[in-house]
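Just the heavy atoms: all of them, side chains too, but no hydrogens, waters or symmetry mates, feed the values below.
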Amino acid sequence: MPHAKAHLAVVQKPLPEAAPAPEVVVLKFGSSILKDQSCAPAVASELYGHVRAGRKVVAVVSALGGHTDRLLADARALGLDHENDLLPAYVAQGEEQAAALVAIACDRIGLDACALSVRELGIVAEGPVEHAHPVALQGEALNHAIGAHQVVIVPGFGAVGPHGRVVLLGRGGSDLTAVFLAAELGLKRARLVKDVDGLYDRDPASASGKPLRFRRASWDDARRHGGALVQHDAIDLGQERSVEIEVAAIGRSDCTIVGEHSAPPGPSVPDAPLKVAIAGCGVVGGGLLKRLQADGRFEVVGVLVRDPKKPRDVDAPAHLFTSDREALLALRPDILLEALSEGGAGHDLIRAALEQGIDVASANKQAISRDPQGLADLARAKGARLAYSAAVGGGSPMIETVRAARAAGPIRGFEAILNGTVNFMLSRIQAGADFADALADARVAGFAEEDPSSDLEGRDSAAKVRLLAFEAFGRPAEDVSCAALSEDFQPSGPVRQIGACFRVGDALKASVSLDVGLDDPFFLALNGERNGLKVYGEDGRVWSCGGRGAGRWPTTESVLADLNDIVRARHASLGHH
């Protein structure tokens with residue numbers, strides 16, 4: 001494979017330095033967000049947005065709604081109506097179960113997440129067993145988990161007492177857990193994600209007149225107006241340790257910042273649901289439809305499909321489906337989510353939407369890679385927004401990683417595993433399966449399309465190489481040589497399909513190759529449908545990312561992250577805070 005050796009020779013130069021260490025953030029999700037297990041995907045979405053922006057996340061979770069009360073009722077049914085050293089360990093199981101559930105939701109979308117138990121987390125607390133106060137962090141397990149994973153999900157409310165038994169941090173104690181962890185990790189803020197978008201001067205649900213929202217609230221304002229929204233122990237600790245507290249709603253960038261200073265509250269107008277049109281209702285489009293129907297921030301107004309009468313695996317009103325592109329755009333959606341399987345039709349639809357000033361998020365690499373600069377110019381001219389992170393890497397934030405590397409300095413090149421279907425098949429072939437069985441397995445797993453030729457011939461990866469080159473060098477790679485995966489392929493050692501592009505003088509040298517004998521530990525660790533990217537800066541630094549590159553939920557999540565970015569940009573342009 002001549003291209004493989006050529007691009008490997010380019011990168012095996014002096015040992016590169018690592019890219020800057022990512023920022024760590026602490027987020028807390030209470031039972032008003034985690035009402036039941038069906039809410040876990042929304043929490044995973046929120047975490048994915050931070051990971052995609054290059055951060056590592058420590059997520060503190062409460063028990064699912066009502067679970068703590070049920071556990072307490074179980075104990076009281078056995079006669080425990082007084083403080084008992086054994087009770088906290090039983091009650092804390094609620095938070096530990098929620099942490100494990102959110103970790104599973106993260107794994108489904110391709111996030112590298114782990115969940116810790118109360119004991120593994122290592123918060124040491126003193127005082128009454130049901131209302132103890134944290135005094136120290138034995139953080140070896142937490143620090144190791146932060147180093148090894150993108151997301152670390154930890155139980156709130158529980159700690160370990162001096163006697164070695166589990167204790168509780170009082171009602172609302174997950175707030176305290178989050179603020180304490182932020183302080184111990186040396187962070188300036190902790191973000192508490194609630195069912196309201198900040199702190200109001202009166203209860204938004206019951207107050208007469210119009211409640212006013214604080215953009216900034218002092219510690220005393222928070223104690224005065226916070227009610228049960230923020231635990232007072234958490235406010236006290238935030239003030240004592242100089243950790244500001246953000247009170248925010250899920251999916252919203254605006255919030256109340258609780259800290260030293262206050263600002264007069266002002267009106268907060270609830271957003272009307274944004275009108276969303278979806279193009280395509282296959283693996284990705286169907287996932288988008290399912291998620292958006294359950295999200296009150298959006299109203300799905302239409303779904304473009306070939307056959308509106310075809311049975312689907314997502315329940316939706318029949319009137320939403322149309323095969324008429326013009327009829328879809330005539331609904332005047334605010335945002336179009338484009339997930340068609342055909343490049344030409346997708347490109348034409350994106351152009352038509354942008355011409356009308358409709359924002360677009362696309363998962364269609366063939367459509368975008370035809371003319372990324374032309375589409376970007378059209379969006380700018382029409383005052384619309386265009387996002388296409390989902391077009392490359394599925395749940396792996398590759399475009400964001402390239403943009404971060406380019407912002408830090410000139411890029412020399414990149415290498416990547418870009419096709420989850422092919423990587424899954426190669427893993428199966430290496431394990432002893434023949435080509436036909438590997439392809440059948442990929443279909444059963446939901447990775448391979450009905451016609452897998454674009455994946456197998458390298459055209460899918462080539463389109464992604466062109467897009468990544470556009471992001472890395474300001475122009476797409478025009479000629480991408482491709483090696484196909486065929487029935488007679490018999491690897492003699494470890495193998496991955498590697499898409500690569502390097503600057504050679506003024507030219508771009510790009511390829512998609514079956515790299516046999518690959519010895520890069522980063523790529524060898526990406527098994528099954530996982531994708532990964534390494535970006536090489538001219539100064540020797542290397543940026544990398546990885547995640548699931550195939551399947552409904554990772555790609556759906558990436559489109560939803562683009563959608564949330566567009567929503568935030570719309571809010572900013574309208575002067576929301």
How far apart are the closest heavy atoms of Ala405 and Ile411, and which atoms are they? CB-CD1, 4.0 Å
Rounded to the nearest 0.5 Å, what's the gap from CZ on Arg552 to CD1 on Ile109? Could you check? 15.0 Å
Side-chain (Thr177) to main-chain (Gly173) donor-acceptor, under 3.5 angstrom: yes
Can you confirm whether the side chains of Asp36 and Ser38 place a donor and an acceptor under 3.5 Å from each other? yes
Are side-chain heavy atoms of Val102 and Leu47 found at a separation under 4.5 Å? yes
Check whether Gln293 reaches the backbone of Val314 with its side chain - one donor and one acceptor, N or O, closer than 3.5 Å. no
When you compare the side chain of Thr68 with that of Arg171, does any pair of heavy atoms fall below 4.5 Å? yes
Counting N and O atoms only, with roles assigned by atom type, does the side chain of Gln150 sit under 3.5 Å from a partner on the main chain of Asp112, one being a donor and the other an acceptor? yes
Starting at CG of Asp359, measure out to CG of Asp562 and round the result to the nearest 0.5 Å. 11.5 Å
Is there a donor in the side chain of Arg496 and an acceptor in the side chain of Gln430, or the other way round, less than 3.5 Å apart? yes
Taking C-beta and beyond as the side chain, do Arg406 and Val535 meet within less than 4.5 Å on heavy atoms? no
Taking atom CG of Asp254 and atom CZ of Arg568, what is their separation to the nearest 0.5 Å? 10.5 Å
Is the side chain of Glu46 donor-acceptor paired with the backbone N or O of Val43 at a distance under 3.5 Å, no angle test? no
Can a donor-acceptor pair be found, under 3.5 Å and without considering hydrogens, that links the side chain of Asp195 to the backbone of Ser32? no
For Pro155 versus Ala99, what's the shortest heavy-atom pair and its separation? N-CB, 4.3 Å
Please check this pair: side chain of Thr256 against backbone of Phe214, looking for a donor-acceptor N/O pair closer than 3.5 Å. yes
Using 0.5 Å steps for rounding, measure from the CD atom of Glu557 to the CG atom of Leu563. 10.5 Å
If I take atom CD from residue Glu130 and atom CZ from residue Phe157, how far apart are they, to the nearest 0.5 angstrom? 7.5 Å
Within the distance-only criterion (no hydrogens, no angle test), does the side chain of Asn423 pair as donor or acceptor with the backbone N or O of Leu526 below 3.5 angstrom? yes
Parallel, tilted or perpendicular, as decided by the 30° and 60° cut-offs, for the rings of Phe447 and Phe424: perpendicular
Do Pro88 and Arg165 come close enough that some side-chain heavy atom pair is under 4.5 Å? no
Is the shortest side-chain heavy-atom distance between Val57 and Val51 below 4.5 Å? yes
So, taking the atom named CZ in Phe522 and the one named CD1 in Ile417, what distance separates them when rounded to the nearest 0.5 Å? 7.5 Å
Would a distance-only check, ignoring hydrogens and angles, find a side-chain to backbone donor-acceptor pair under 3.5 Å from Asp334 to Lys275? yes
Contact summary for Ser62 and Ser174, nearest pair of heavy atoms: OG-OG, 3.1 Å
Any side-chain donor-acceptor pair under 3.5 Å between His50 and Arg55? yes
Would Asp221 and Arg215 pass as an ion pair if we require N to O under 4.0 Å? no
Glu96 side-chain N/O to Val118 backbone N/O, donor-acceptor pair under 3.5 Å: yes
Are Leu418 and Met398 close enough that some pair of their side-chain heavy atoms sits under 4.5 Å apart? yes
When you look at Lys188 and Glu244, which way does the salt bridge (Lys or Arg N to Asp or Glu O under 4.0 Å) test go after all the steps? CA-CA 6 Å; Lys188 294 180 179 178; Glu244 291 185 326; over 6 Å; no
Looking at Ala190, is its backbone amide N or carbonyl O close enough to the side chain of Glu246 to form a donor-acceptor pair, meaning the two atoms are under 3.5 Å apart? no
Using distance alone, with no hydrogens and no angle criterion, decide if Asn527 and Arg428 have a side-chain donor and acceptor under 3.5 Å apart. no
